[in-house]
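Please read the structure below before turning to the comments.
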Protein chains: 2
Amino acid sequence: MAAAEIFRALGDPIRLEMVQRLTRGSRCTITAISEGLGITRQGARKHLQVLADARVIALQPEGRDVLVSLEPESLDQAKLFITELERQWDVRLDALRRFVEQEHP
Amino acid sequence: MAAAEIFRALGDPIRLEMVQRLTRGSRCTITAISEGLGITRQGARKHLQVLADARVIALQPEGRDVLVSLEPESLDQAKLFITELERQWDVRLDALRRFVEQEHP
DNA sequence: AAAAAATGCACCAAAATGGTTGCATTTCAT
DNA sequence: ATGAAATGCAACCATTTTGGTGCATTTTTT
């Protein structure tokens with residue numbers, strides 16, 4: 001289940017903050033996005049790797065630094081997954097409603 | 001960030017499978033939802049607790065057993081969070097586009 | 001009343017996570 | 001050419017997570 005990995009990547013306050021920063025500001029370096037998180041650069045780097053493994057972000061070396069950028073497709077995938085869950089839920093509720101109406105006319 | 005906890009709860013294949021079962025079938029007991037997952041009931045029970053802590057599901061004792069049911073509001077919250085991320089992303093892209101058009105008329 | 005079912009609780013072990021420090025390497029700027 | 005900046009890598013540590021076993025307890029069922 002690829003969705004689980006994306007959810008997992010988003011399931012941490014620091015990583016979620018990183019993603020939020022990327023949606024607001026543009027792409028930036030690892031050092032830049034690691035500032036003001038209360039952890040070291042090396043610590044932040046591990047979080048970035050988790051996000052990259054789930055393809056929530058992309059890391060591309062550019063000379064001396066590495067550019068961090070958002071991969072919006074992953075967010076779409078996650079949202080679609082939830083939407084589908086809700087659709088199934090609604091289908092079930094509808095079936096239940098029809099059943100009750102049929103049994104108690 | 002409450003969203004992080006919800007994402008975290010969804011970020012595991014077994015827990016995601018449990019949620020999916022709940023959207024399809026109706027509420028059921030702990031034993032029922034723990035079957036066919038490849039782990040013991042006690043193991044499954046811990047996953048259920050994670051989901052309950054994040055309010056993705058509700059656990060209500062009912063005589064001898066405990067009924068497991070989905071709390072759809074949590075899914076909505078998670079979806080809304082992603083939707084908002086995407087909105088910010090789009091706002092930024094639009095701003096960038098307008099900027100480029102202005103600079104290179 | 002006795003057996004069976006559903007669950008809780010406590011404890012245990014292995015693995016993963018989150019975070020650190022220290023140091024080496026590459027690349028850019030002066 | 002030298003120094004500063006950005007990064008990578010490895011080792012290490014504490015904590016949490018994942019999963020298990022064993023046993024006690026409470027309800028149903030027969």
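Quick note on labels: first sequence line is chain A, next is B, and so on, each numbered from 1. Heavy-atom basis, side chains included; hydrogens, waters and symmetry copies ignored.
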Rounded interatomic separation in angstrom, taking [atom1] from [X] and [atom2] from [N]:
X: A:Leu59; N: D:dT7; atom1: CG; atom2: P; value: 10 Å
X: B:Glu62; N: D:dT26; atom1: CD; atom2: P; value: 18 Å
X: B:Ile30; N: D:dT26; atom1: CD1; atom2: C1'; value: 14 Å
X: B:Leu48; N: C:dA6; atom1: CG; atom2: C1'; value: 13 Å
X: A:Lys46; N: D:dC13; atom1: NZ; atom2: P; value: 13 Å
X: A:Leu37; N: C:dG18; atom1: CG; atom2: C1'; value: 13 Å
X: B:Leu51; N: D:dT17; atom1: CG; atom2: P; value: 13 Å
X: B:Leu67; N: C:dA6; atom1: CG; atom2: C1'; value: 12 Å

Proximal nucleotide (of [options]) relative to the [X] side chain:
X: B:Arg64; options: C:dA4, D:dG8, C:dT27; result: C:dA4
X: A:Arg8; options: D:dG8, C:dA6, C:dT17; result: C:dT17
X: B:Asp12; options: C:dT27, C:dG19, D:dT18; result: D:dT18
X: B:Thr31; options: C:dG19, C:dT7, D:dT7; result: C:dT7

Could [X] and [Y] be called an ion pair, given the rule that one side-chain N must be under 4.0 Å from one carboxylate O?
X: B:Arg87; Y: B:Glu84; value: yes
X: A:Arg55; Y: A:Glu73; value: no
X: A:Glu35; Y: A:Arg41; value: no

Q. Hey, is the side chain of A:Gln42 pairing donor to acceptor with the base of C:dG18 inside 3.5 Å?
A. no

Q. If you take atom types as modelled and just measure distance, does the side chain of A:Arg41 reach the base of D:dG8 with a donor-acceptor pair under 3.5 Å?
A. yes

Q: Look at the rings of A:Phe7 and B:Phe7 and say which category their plane angle falls in: under 30° parallel, 30 to 60° tilted, over 60° perpendicular.
A: parallel

Q: For B:Gln20 and B:Arg24, test the side chains for any donor-to-acceptor distance below 3.5 angstrom and give the result as yes or no.
A: no

Taking only the side-chain nitrogens and oxygens of [X], find out if one of them lies under 4.0 Å from OP1 or OP2 of [N].
X: A:His47; N: C:dG19; answer: yes
X: A:Arg45; N: D:dC9; answer: no
X: A:Arg15; N: C:dG18; answer: yes
X: B:Thr29; N: C:dA6; answer: no
X: A:Thr40; N: C:dG19; answer: no

**Q.** Closest-nucleotide ordering on DNA chain C, the 5'-leading residue of A:Gly11 and A:Gly63
**A.** A:Gly11

